[in-house]
Amino acid sequence: MDFAGAYSADNLKFLLDGLYITLIVAFVSIILSFVIGCVIGVIRYAEIPVLSPVMFYLVELIRNLPLLLIIFFVRFALPEVGIKMSLITAAIVALTIFEAAMIAEIVRGGLTSIDKGQIEAARSSGLSSFQTLWHIVLPQGLRRMIPPLVSQFISLLKDTSLAVVISLPELMHNANIVIGHSYSYAIPTLLLAALIYFTVNYMLSVVSRKLENKAV
């Protein structure tokens, strides 16, 4: 084990460059998948004729596919029909598609957990279906969604490592290159990568607990 060689200035900078790509891909994917997932989750909760059943089958299809398959499809299949993307864009699109389906189920579950009595009381007081959803159901549902949502975001950040298969220069991709220079770098490099993932995900967990405590 060569810690000194593995942690040389050049190698550390290279790993941090990979971390930067990981965080960019994760951050953009989290934002997009949250927005799309919320929209789909609300549509499924609202039981809109035709649209809700379509969203149900779409979500179920995506949730039961391996993320790796979706990454390969976006990167290698879409260009065959003229849809070409950069590596980073392909990774973001694949992660967003997969995570949006997961988040849609979290949102739908959070909304359906609200007591029906509150909904009936709101409707009887003169609020429309949309007003009831916006003012009564969503605020309470979102508070209940915080823990599972953050857990899903943590999974998303870890799932960025799967983009190594399309040579996205993220953290694990760069770690593999460092290890390729010398097998004596393997344990030090993987330990550092593990520490980085743990630190980032632990920070997300801390933020989640604080948000949950404020929401109570």
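The structure presented is a predicted model; accordingly, all values stated were derived computationally and were not measured.
Connectivity analysis of hydrophobic side chains (ILVMFWY, heavy atoms under 4.5 Å, direct or indirect) links Y202 to F198, V206.
Within the 4.5 Å cutoff, side-chain heavy atoms of L111 are placed close to those of M145. When side chains are defined from C-beta on, I97 counts as touching V93, because their heavy atoms get closer than 4.5 Å. Between Y45 and V137, the closest side-chain pair of non-hydrogen atoms falls below 4.5 Å. The side-chain heavy atoms of I179 and L190, taken from C-beta on, include a pair separated by under 4.5 Å. F73 has its side chain out of reach of L65: every pair of non-hydrogen atoms, C-beta onward, lies at least 4.5 Å apart. Between L171 and S161 there is no side-chain heavy-atom pair separated by less than 4.5 Å. Residues E170 and V164 are in side-chain contact: their nearest non-hydrogen atoms beyond the backbone lie under 4.5 Å apart.
Atom CG of residue L191 and atom OH of residue Y7 lie 5.5 Å apart, to the nearest 0.5 angstrom. To the nearest 0.5 angstrom, T22 atom OG1 is 11.0 Å from L16 atom CG. N176 CG to H181 NE2: the interatomic distance, rounded to the nearest 0.5 Å, is 11.5 Å. For the atom pair NZ (K158) and CZ (F153), the distance works out to 14.5 Å, reported to the nearest 0.5 Å. Atom CZ in F3 sits 10.0 Å away from atom CG in L192 (nearest 0.5 Å). To the nearest 0.5 Å, the span separating CD1 on I92 from OG on S29 amounts to 5.0 Å.
Across every non-hydrogen atom of I62 and A101, the tightest pair is CG2-CB, 3.7 Å. The two atoms that bring L67 and F98 nearest to each other are CD1-CB, 3.6 Å, heavy atoms only. Nearest approach of L68 to L162, heavy atoms of both residues: CD1-O, 4.0 Å. The shortest heavy-atom contact between S167 and L87 is O-CD1, 3.6 Å. Counting all heavy atoms, side chain and backbone alike, I36 lies closest to A100 at CG2-CB, 3.9 Å. Taking both residues in full, the closest heavy atoms of I48 and S52 are given as N-OG, 2.5 Å, listed atom of the first, atom of the second, then distance.
Between the side chain of R143 and the backbone N or O of L138, no donor-acceptor pair lies under 3.5 Å. At least one donor-acceptor pair under 3.5 Å links the side chain of N11 to the backbone N or O of G5. Under a 3.5 Å cut-off, the side chain of R144 and the backbone N or O of S113 do form a donor-acceptor pair. Between the side chain of N174 and the backbone N or O of L15, no donor-acceptor pair lies under 3.5 Å. Checking side-chain atoms of S33 against main-chain N and O of I30 turns up a donor-acceptor pair under 3.5 Å. Using a distance-only test at 3.5 Å, with no hydrogens or angles considered, a donor-acceptor pair links the side chain of T160 to the main chain of L157. In terms of modelled atom types and a separation under 3.5 Å, the side chain of N201 and the main chain of Y197 share a donor-acceptor contact.
Identified under the side chain to side chain donor-acceptor pair (under 3.5 Å) test for residues 84-112, with sequence neighbours left out: R44-E105, S86-T89, E99-Q152, E105-R108.
Heavy-atom neighbours of Y20 OH from other residues, nucleotides or ligands within 6.0 Å: at or below the threshold of 12. By the 6.0 Å contact criterion, CZ on F76 is enclosed, its count of non-hydrogen atoms from other residues, nucleotides or ligands being greater than 12. Counting non-hydrogen atoms of neighbouring residues, nucleotides and ligands closer than 6.0 angstrom, the CD1 atom of I187 reaches no more than 12 such neighbours.
Grouping the Ile, Leu, Val, Met, Phe, Trp and Tyr side chains by contacts below 4.5 angstrom, directly or via other members, places I88 with L32. Under the 4.5 Å side-chain heavy-atom criterion for ILVMFWY residues, no single connected hydrophobic cluster contains both L156 and F72. Both L69 and L61 are assigned to one and the same hydrophobic cluster, defined by single-linkage of ILVMFWY side chains at heavy-atom distances under 4.5 Å. I106 is connected to I114 through a chain of hydrophobic side-chain contacts under 4.5 Å among Ile, Leu, Val, Met, Phe, Trp and Tyr, so both are in one cluster. Residues L95 and I70 share a single hydrophobic cluster, defined by chaining ILVMFWY side chains whose heavy atoms lie under 4.5 Å apart.
With I154 as reference, L204 is the one residue of L204, L149, D159, V200 to meet the side-chain contact (heavy atoms from CB on, under 4.5 Å) rule.
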Verdict with supporting geometry, V150 and V207, side chain to side chain contact (heavy atoms under 4.5 Å, CB included) = CA-CA 9 Å; V150 173; V207 171; over 6 Å; no
